[in-house]
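Inspection log for the structure reproduced underneath, given as structure tokens.
Just so it is clear, the values below take in all heavy atoms, side chains as well, and ignore hydrogens, waters and symmetry mates. Proteins come first, then strands; the chains are lettered A, B, ... in the order of their sequence lines, and each starts at number 1. Just so it is clear, the model here is predicted, and its values are computed rather than measured.
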Amino acid sequence: MQIELSHYLLLSATLFAIGVMGVLTRKNLIVIFMSVELMLNAVNLTFVAIARYTLDLAGQVMVFFVLCVAAAEVAVGLAIIIALWRHRGTMNIDSVRLLKW
Amino acid sequence: METILFAALAIVAILSALLVITTPAPIVSALYMVVTLFCLAGFYVLLAAPFVAAIQVIVYAGAILVLVLFVIMLLNLRKIEEKLAITWQVAGIVVATLVLAASFIAIMSNSGTLPSKPDVEHFGKVADVGNLLFTKYLYAFEVVSVLLLLAVVGAVAMIRKPDSGEPNAD
């Protein structure tokens, strides 16, 4: 059986949905954070797969930029988590409800 | 051969991704995340993207996950009380299933129009990616470097202890 582009897209959609489920069902901030990373990675897989099947290297370059933004996001996000830990002493998402209606 | 590799990597990637979001202890989640990221690097090798595979392992598995593990250990995180109401858990699973179903329907209904794999030698050489990065996408490349600098400065500014008047306070 030949591996088609649709197989890669289906796999990527599955990983993305797992990430969505993690964001929506967990309360630990770090795990929510990693679920967001999972979604970013699913999109990266789509980029690379389409780059291979359409022979366009721009997809791989785009993955490079997504990775850079992800690295910046992780640095700032973990800084926020540490600051939150210092102020509230918890990692539960329910303790951050200042702006919640 | 490629099919077997794809199937094995896909099974491991999906299982470890599920374990990432279901394990109660965050540190175990982070370690399963490493497995998922390595599987994705394997897919990138299969898709003739050695450069992306290398930066996936170096940046994601090497730097980002180490940072996450460092924070988990620094804060001495144990598993917390996860008492999300069961209705919200069900709602989350339903939304994720809807996302999955929508993308599956979209992909399957268009699978006839997707391009099949072209056979070419020398696609995805690192030199070609670098060439593109430093010519056509040079502007975006520079902007991203500024973004990374801003992120580092922002992270340091946020972590700094509040109300320490002198720089040598602690």
Side-chain angles (χ1 to χ4, degrees), chain A residues 1-11 13-22 24-28 30-31 33-35 37-38 41 44-45 48-49 51-55 57-58 60-61 63-65 67-76 78-83 85 90-92, chain B residues 2-3 6 10 13-14 17-18 20-21 26 29-30 33 36-37 40 43-44 47-49 51-52 55 59 64 67-68 71-72 75 77 80 82 84 89 92-93 95-96 99-100 103-104 107 111 114-118 120 123-124 128-129 132-133 137 140 144 147-148 151-152 154-155 158-159:
Chain A
M1 194 179 93
Q2 188 79 18
I3 299 295
E4 297 294 334
L5 179 54
S6 58
H7 296 120
Y8 279 106
L9 295 184
L10 291 176
L11 172 70
T14 309
L15 287 176
F16 190 88
I18 292 174
V20 171
M21 197 163 91
L24 291 179
T25 58
R26 291 302 295 262
K27 274 190 162 184
N28 191 321
I30 296 243
V31 178
F33 207 67
M34 280 190 284
S35 304
E37 299 291 314
L38 209 56
N41 271 290
N44 277 352
L45 182 62
V48 175
R52 173 65 183 88
Y53 281 80
T54 59
L55 294 182
L57 269 181
Q60 297 191 14
V61 176
V63 170
F64 175 79
F65 292 134
L67 243 113
C68 287
V69 174
E73 173 231 332
V74 165
V76 175
L78 288 177
I80 291 174
I81 286 178
I82 290 180
W85 180 263
T90 176
M91 195 69 9
N92 195 319
Chain B
E2 195 200 344
T3 314
F6 178 85
I14 289 175
L18 279 173
V20 167
I21 64 161
S29 286
M33 188 80 194
T36 312
L37 295 177
L40 282 164
F43 287 122
Y44 298 154
L47 287 166
F51 173 68
V52 179
I55 56 172
V59 175
I64 293 182
L67 204 60
V68 171
V71 168
I72 293 174
L75 302 183
L77 282 183
I80 57 163
E82 293 244 0
L84 195 59
Q89 292 219 6
I93 292 170
V95 170
V99 169
L100 190 64
S103 27
F104 265 54
I107 294 163
S111 64
L114 293 175
S116 57
K117 193 176 215 168
V120 269
F123 174 73
D128 294 338
V129 179
L132 210 53
L133 205 55
Y137 296 98
V144 152
L147 174 76
L148 283 174
V152 169
M158 237 177 301
I159 300 271

Heavy-atom distance under 4.5 Å to chain B: side chain of [X], backbone, both or neither?
{"X": "I18(A)", "value": "both"}
{"X": "Y8(A)", "value": "both"}
{"X": "E73(A)", "value": "neither"}
{"X": "S35(A)", "value": "side chain"}
{"X": "Q60(A)", "value": "both"}

Specify the closest pair of heavy atoms between [X] and [Y], including all atoms of both residues, with the distance to one decimal.
{"X": "L15(A)", "Y": "A17(B)", "result": "CD2-CB, 3.8 Å"}
{"X": "Y53(A)", "Y": "S116(B)", "result": "CD2-C, 3.8 Å"}
{"X": "V20(B)", "Y": "S29(B)", "result": "O-OG, 2.8 Å"}
{"X": "I159(B)", "Y": "A79(A)", "result": "CD1-CA, 3.6 Å"}

Which of [options] touches chain A most, by non-hydrogen pairs under 4.5 Å:
{"options": "I93(B), V99(B), L37(B)", "value": "I93(B)"}
{"options": "A96(B), S111(B), A48(B), A10(B)", "value": "A96(B)"}
{"options": "A13(B), A151(B), G154(B)", "value": "A151(B)"}
{"options": "V144(B), V152(B), I107(B), V59(B)", "value": "I107(B)"}

| request: Determine whether the aromatic ring centres of F51(B) and Y44(B) lie less than 6.0 Å apart. | output: no
| task | Sort out for me which of I80(A), V61(A), V69(A), V63(A) touches chain B most, counting heavy-atom pairs under 4.5 Å. | result | V61(A)
| remark: Highest number of heavy-atom pairs under 4.5 Å with chain B among I81(A), T54(A), V74(A), L78(A) belongs to L78(A)
| field | Residues L10(A), F104(B); criterion side-chain contact (heavy atoms from CB on, under 4.5 Å); working and verdict | value | CA-CA 6 Å; L10(A) 291 176; F104(B) 265 54; 3.8 Å; yes
| said: With heavy-atom distances below 4.5 Å as the criterion, would you say the side chains of L40(B) and V48(A) are in contact? | reply: no
| said: Heavy-atom cut-off 4.5 Å, strictly under: side chain, backbone, both or neither for M33(B) against chain A? | reply: side chain
| request: Heavy-atom distances under 4.5 Å only: say whether Y137(B) touches chain A with side chain, backbone, both or neither. | output: both
| field | Trace of the side-chain contact (heavy atoms from CB on, under 4.5 Å) decision for L45(A) with L11(A) | value | CA-CA 9 Å; L45(A) 182 62; L11(A) 172 70; 3.7 Å; yes
| task | Test E4(A) against L114(B) for side-chain contact (heavy atoms from CB on, under 4.5 Å), laying out the working first. | result | CA-CA 9 Å; E4(A) 297 294 334; L114(B) 293 175; over 6 Å; no
